[in-house]
Amino acid sequence: MRHLTVLGLVLAMSGALSACGNLYRSPVVDAGVTEDTALRVVALNGETVSLANRAPYAPRTLPALFSQTAGYGSGLRGAGALPTPPVTTAPAPGRLSLSVPQTPAIGPYHIGVGDVVLLATPSGGSSVEQLSGLLAAQNSRQGYTVQDDGAIHIPNVGRIVIAGSTLEEAEATLFESLISAQIDPTFSLEIAEFNSQRITVGGAVARPMAVPLQLTPLVLSEALVAAGGAALTDESYASIRIYRDGQLYQIPMEDFRTRPDLQRLRLVDGDSIFVDTTYELNDAQDYFAQQITLVELRQRSRQAALTELQTEVNLRRAELAEGRQNYLTRMELGAVERDYVYLTGEVGQQSRYALPYGQQASLADALFDGANGVPTRTGDVSQIYVLRASSDPRDFGAVTAWHLDARNAANLTLAARFELRPDDVIFVAEQPVTRWNRVIQQITPSLITSGVTAATR
């Protein structure tokens with residue numbers, strides 16, 4: 001009797017199991033089962049992918065500190081490149097080559113350290129009488145020497161910086177200072193001695209010397225005349241060499257004698273002139289060795305500037321790194337607004353996938369990067385959907401299901417072209433056999449337990 005009861009119970013369970021499919025609910029995309037939401041299913045092909053991609057969307061961008069570099073906003077100071085070493089010519093050279101520096105722009109004279117300026121005022125009851133204790137210049141005229149800090153000192157007025165100024169600018173500065181000191185500003189200003197800017201002349205000249213630059217531009221012929229002229233016996237290989245800003249220029253003496261433009265070549269502060277009478281350049285090398293030493297000193301100054309610049313770059317780099325790390329930390333804590341799509345159904349990992357900064361993401365990106373692919377044992381590759389709700393309030397939340405059938409692997413190229421939008425939901429349906437298998441796994445244990453209980457009574 002007991003065996004008949006167990007048999008009947010098993011038969012009853014079998015009948016109930018056949019109807020269990022109606023009790024198990026798994027998500028599907030079916031326009032016929034929705035009541036509150038208007039659903040439209042659109043199969044993906046080349047045309048519909050283009051239609052879906054028309055939905056407007058601008059990817060979020062990273063903050064500006066992610067595109068900045070640490071080396072901008074700083075300039076290098078110091079000397080330029082070292083001069084090119086002189087080249088020794090062959091024992092029987094041809095005609096000397098002509099190399100002329102660029103003509104500098106004409107500009108007003110700028111007062112410099114060492115210059116002596118003369119402050120002249122009307123006689124009798126003038127500001128000279130009020131400015132007692134004036135220091136006399138070396139030429140015994142009343143004046144002021146521009147000191148190493150670029151200033152002159154006037155008793156009862158103070159130190160006034162005029163280095164780097166033109167005469168007009170210096171007069172304006174003095175006028176304001178005298179007014180501030182409540183002293184009669186009636187005066188005239190002139191430069192009594194020019195000591196701050198000079199050029200040097202050496203080699204085959206009567207008197208090697210330094211020639212100061214004054215208010216009027218100094219030209220090459222005048223510099224040679226000031227040095228007593230060139231002492232030449234043969235002009236065949238004689239030349240005038242000009243050392244300027246780390247570069248060596250050469251003017252053959254024959255060209256200099258016949259070309260007025262070379263004779264009127266304007267010189268600038270720091271130029272070194274060497275009159276050479278031999279083509280080997282031995283004398284010129286000795287003369288310019290001193291200039292190269294000066295360049296080396298400037299190179300050291302430039303190295304110090306580079307060290308300062310590197311320190312500045314490192315500080316800026318640390319600031320950028322800290323700002324970027326702070327932003328990444330805020331992102332990890334969810335304090336940064338992001339755009340997401342959501343992956344559900346039979347995917348490798350149900351999750352949300354953050355849309356990247358500065359570029360579009362595709363359906364393939366989300367499936368293979370965010371979801372770790374579609375498990376072929378449980379997922380139905382013929383039922384891959386992208387659910388996108390309409391943003392138009394007139395559609396009352398209508399949803400478009402873009403359907404990808406990946407049974408033909410060639411259709412996966414559509415997934416690589418399909419662009420995602422914020423709040424898209426990617427859904428992969430389960431295999432029919434997977435649905436039935438889960439019904440059995442969920443119901444069978446309870447049926448067996450009930451049957452065993454009934455059989456033991």
Do Thr311 and Asn314 get their side chains close enough for a donor-acceptor pair, meaning under 3.5 Å?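 Not at all, the side chains of Thr311 and Asn314 share no donor-acceptor pair under 3.5 Å.
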Less than 4.5 Å apart, side chain to side chain, heavy atoms only: is that true for [X] and [Y]?
X	Y	answer
Phe256	Ser221	yes
Leu51	Val42	no
Asn411	Leu44	no
Ser97	Gln250	yes
Val341	Pro422	no
Ile426	Leu420	yes
Ile199	Asp269	no
Thr400	Arg40	yes

Tell me every residue that passes side chain to side chain donor-acceptor pair (under 3.5 Å) with Arg257, counting only those two or more places apart in sequence or in another chain.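 Counting only residues at least two positions away or on another chain, Arg257 forms a side chain to side chain donor-acceptor pair (under 3.5 Å) with Glu235.
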Treating [X] as the side-chain partner and [Y] as the backbone partner, does any N or O pair qualify as donor plus acceptor under 3.5 Å?
X	Y	value
Asp115	Ser196	yes
Arg421	Asn53	yes
His403	Ala43	no
Arg388	Ala401	no
Gln197	His110	yes
Asp365	Ala361	no
Arg407	Asp380	no

Show, in sequence, the C-alpha distance, side-chain angles and deciding distance for Ser239 and Arg241, and conclude whether the side-chain hydrogen bond (donor to acceptor under 3.5 Å, both in side chains) test is met. CA-CA 6 Å; Ser239 64; Arg241 293 187 169 87; 2.8 Å; yes
Only pairs at least two apart or in different chains count here, so list each side-chain hydrogen bond (donor to acceptor under 3.5 Å, both in side chains) that has a residue in residues 205-220.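 Non-adjacent pairs meeting side-chain hydrogen bond (donor to acceptor under 3.5 Å, both in side chains): zero.
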Would you mind checking if Arg159 and Asp149 are paired as a salt bridge, meaning a charged N to carboxylate O distance below 4.0 Å?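 Looking at Asp149 and Arg159, the cut-off is met.
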Check ion pair Arg324-Glu322 (N to O, under 4.0 angstrom):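 Salt bridge absent between Arg324 and Glu322.
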Set of residues satisfying ring pair (Phe, Tyr, Trp, His ring centres under 6.0 Å) with respect to Tyr57, sequence neighbours excluded: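 Ring pair (Phe, Tyr, Trp, His ring centres under 6.0 Å) check on Tyr57 returns nothing, list empty.
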Among Val117, Ile179, Val157, Ile154, the one residue meeting side-chain contact (heavy atoms from CB on, under 4.5 Å) with Leu174: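 With Leu174 as partner, Val117, Ile179, Val157, Ile154 yield a single side-chain contact (heavy atoms from CB on, under 4.5 Å), made by Ile154.
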Hey, is CZ on Arg60 packed in by over 12 heavy atoms from elsewhere, all under 6.0 Å?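 More than 12 heavy atoms, drawn from other residues, nucleotides or ligands, come within 6.0 Å of this atom.
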If you apply the rule side-chain hydrogen bond (donor to acceptor under 3.5 Å, both in side chains), what do you find for Glu346 with Thr378, and how did you get there? CA-CA 7 Å; Glu346 295 302 315; Thr378 60; 3.0 Å; yes
Assess Arg352 against Tyr340: is NZ or CZ under 6.0 Å from the centre of the six-membered ring, and within 45 degrees of the ring's axis?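 Cation-pi check for Arg352 and Tyr340: passes.
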Start with the C-alpha distance between Tyr385 and Gln383, add both sets of side-chain angles, then the distance that settles side-chain hydrogen bond (donor to acceptor under 3.5 Å, both in side chains), and finish with yes or no. CA-CA 6 Å; Tyr385 297 90; Gln383 300 292 320; 2.2 Å; yes
Would you say the ring centroid of Phe194 lies under 6.0 angstrom from that of Tyr109?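 So the answer is yes for these two rings.
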Establish, yes or no, whether a centroid distance under 6.0 Å links the rings of Tyr357 and Phe66.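 Not under 6.0 Å, so no.
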Out of curiosity, Leu363 CG to Tyr353 OH, how far, rounded to the nearest 0.5 Å?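 Separation between the atoms: 10.5 Å.
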